[in-house]
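Have a look at the structure below before the remarks.
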Protein chains: 2
Amino acid sequence: MHKRITVTSDRCSTCMLGDLCLPLGMSQRDRQVLDQIIKERIRLPKGGSLFQAGDAVTAVYGIRSGSIKTQLEDASGQVQITGFLLPGEIVGLDGLLQLRQVSHAVALETTEVCVIRLDEMDGLAPHLPSLQQQFRRLLSKEIGRSQQMTATLALLRSDQRVAAFLLNISQRLAALGYSAEAFVLRMSRAEIGNYLGLTLETVSRWLSRFARDGLIRLQQREVTLLQPQALQQLAGTACD
Amino acid sequence: MHKRITVTSDRCSTCMLGDLCLPLGMSQRDRQVLDQIIKERIRLPKGGSLFQAGDAVTAVYGIRSGSIKTQLEDASGQVQITGFLLPGEIVGLDGLLQLRQVSHAVALETTEVCVIRLDEMDGLAPHLPSLQQQFRRLLSKEIGRSQQMTATLALLRSDQRVAAFLLNISQRLAALGYSAEAFVLRMSRAEIGNYLGLTLETVSRWLSRFARDGLIRLQQREVTLLQPQALQQLAGTACD
DNA sequence: CGTCCGATTGAGGGGGGTCAAGCTGAGTGG
DNA sequence: CCACTCAGCTTGACCCCCCTCAATCGGACG
């Protein structure tokens, strides 16, 4: 389901993602130490699983290219998507509690991730306090992101959730240097709906409505934000 | 708003909470090292603030007795309660990203917390790897808890959310050695509703209905679970 | 050109929000 | 000791938002 690749070039210290990923806030010297930790990448085809619930946790994963969804699943087959992750973001931060994965991570397109082994990280920890602190920040950031999602689900109407979703994707892509206005949704309407606690029909209706009202332009999964400020106003502030 | 107390007795190594709090999985020797980190407690009256959004983060806090709610607030006064925390649980794990609090933490009753200073913790980290790992587990646990909340809001009907809420409180109190069947809700109907993404009327209606159907007994905020297994069946599994 | 999966759009109904009117119990002051 | 107050809770009536069910459409791929 996935292919392991030994890293030979373009390590952390020279990676284009730089501050957008694990090395954030680390000195160039510390980044070169980091290069020694990350020796491997994994390449996933569209639909491929990075890990499944129950797997032993030996590493966390930094997305180098592509995108991944993470979802909780229960015995009855019920699914809840908990995140859509983009390059620079770290996958597998839940699961550190018992060192067992609780989520299922699936590639939404061809995706490459850097393997950050926990044992390597713990081995270097005493010599690299900045890594411990950065890792702690990443965990805390994930808590904040998840709490924000809670506020979105608890406080916003369906149209506000869809608008907030578009803006969130837009801003994260913009931070990566892509266009904030024009982008391609890598996930289906059903996946967006599941993520937002709505049905796919409701998502589709609001996207169509936004397009009809001139807020966005839509061609299948291609989105162009025509009036981002109007979307922002619609989404309001769900405690952010 | 709060009173600082220097710790003179009943430190981590002898605290009754023991494995239910920070020291989980640490050796008795390591716990005695932990005693040196935690030198202070804070006592809060009902309604008192432990910290507010924007405050500098210098510590996280272990609840020793009482209970605390944490909530996100935005400029327009919109509030979203993100958690009700019981003894043994750690407050302030969000906020480590920028070392600024993002939430407002308020005591639901007279509450005492142990101050776990970050600088002390980082100072001892190299000599105490078990603390780093335990702290990482706690952060990961909080991610899992928050994701579970997302699933609850996205997947469950209002009656299922209320049932799941009662069972959650029950189980956490049982883990502390209290009765799983009979307990007092420290928060108002409005706070429960906010937390669950419902109105206080809906919460009240379902509690009344559960009581009328013989699933629980209700006297103001005193709850007795008469048929916990029926509640469990009602709540179903929101991906857990 | 036919098939298929995902997306769109419509019609209808129900779950939960809104608004409003009482109720309850704890605290207060006479 | 008891009326008074007030915040929190309960219960009812109404209605709207979003889900459900269904039909149709559209592009991708053989």
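Naming: A, B, ... by sequence-line order, numbering from 1 per chain. Bear in mind the structure is a predicted one, so any value in this text is a computation, not a measurement.
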Response to the item:
Smallest heavy-atom separation, B:Ile68 atom then B:Ala105 atom, equals CG2-CB, 4.1 Å
Worksheet item: Which pair of heavy atoms, one from B:Gly197 and one from A:Ala154, lies closest together, and at what distance?
Response: CA-CB, 3.8 Å
Response to the item:
Rounded to the nearest 0.5 Å, the OG1 atom of A:Thr70 sits from the CZ atom of A:Phe84 at a distance of 8.5 Å
Worksheet item: Contact class for A:Arg212 vs. all strands (heavy atom < 4.0 Å): base, sugar-phosphate, or nothing?
Response: nothing
What's touching nucleotides 17-20 of chain C from the protein side, N or O pairs under 3.5 Å?
| residue | atom | partner | partner atom | Å |
| --- | --- | --- | --- | --- |
| C:dG17 | OP2 | B:Thr199 | N | 3.4 |
| C:dG17 | OP2 | B:Thr199 | OG1 | 3.1 |
| C:dG17 | OP2 | B:Thr202 | OG1 | 2.4 |
| C:dT18 | O4 | B:Arg205 | NH2 | 3.0 |
| C:dC19 | N4 | B:Glu201 | OE2 | 3.1 |

Worksheet item: Once you round it to whole Å, what is the distance between P of D:dG27 and CD of A:Gln219?
Response: 11 Å
Practice prompt. Would you tell me if any nitrogen or oxygen in the side chain of B:Ser208 comes within less than 4.0 Å of OP1 or OP2 on D:dT11?
Written response: yes
Worksheet, complete the sentence: Whole-Å distance, B:Leu153 CG to D:dC18 P, equals 15 Å
Practice prompt. Measure the spacing between CZ of B:Arg172 and OG of B:Ser67 and express it to the nearest 0.5 Å.
Written response: 9.5 Å
Item to complete: Give the angle between the helix axes at the two ends of the helix from C:dC1-D:dG30 to C:dG30-D:dC1, taking five base pairs at each end and rounding to 10°.
Response: 30°
Worksheet item: What closest approach, in Å, do B:Leu50 and B:Leu44 show between heavy atoms, and which atom pair accounts for it?
Response: CB-CD1, 3.8 Å
Discussion item. Between A:Arg186 and A:Glu109 (salt bridge meaning N to carboxylate O under 4.0 Å), is one present in this structure?
Written reply: yes
Item to complete: Output the distance between atom CG (A:Leu17) and atom SG (A:Cys114), rounded to the nearest 0.5 Å.
Response: 8.0 Å
Practice prompt. Would you mind checking if A:Glu222 and A:Arg217 are paired as a salt bridge, meaning a charged N to carboxylate O distance below 4.0 Å?
Written response: no
Discussion item. How about CD on B:Glu40, more than 12 heavy atoms from neighbouring residues, nucleotides or ligands closer than 6.0 Å, or not?
Written reply: yes
Worksheet item: To the nearest 0.5 Å, how far apart are CD in A:Glu112 and CZ in A:Arg43?
Response: 5.0 Å
Worksheet item: If you take all heavy atoms of A:Arg189 and A:Gln220, which pair is closest and at what distance?
Response: NH2-O, 3.0 Å
Discussion item. Whole angstroms only, please: what is the CG-C1' distance between A:Leu218 and C:dG6?
Written reply: 14 Å
Worksheet entry | Integer-rounded Å distance: D:dG26 C1' and A:Gln220 CD | 8 Å
Discussion item. So, does A:Arg221 get its side chain near the phosphate of C:dA7, meaning an N or O under 4.0 Å from OP1 or OP2?
Written reply: yes
Worksheet item: Quick one, which residues of residues 182-190 of chain A touch DNA chain D with a heavy atom under 4.0 Å?
Response: none
Worksheet entry | Distance in angstrom units between A:Asp159 CG and D:dC18 P, rounded | 6 Å
Worksheet item: Rounded to the Å, how far apart are B:Leu200 CG and D:dT11 P?
Response: 13 Å
Discussion item. What is the distance, to the nearest angstrom, from the CG atom on A:Asn194 to the P atom on D:dC19?
Written reply: 12 Å
Worksheet item: For B:Lys46 and D:dA7, what is the distance between atoms NZ and C1' respectively, to the nearest whole Å?
Response: 11 Å
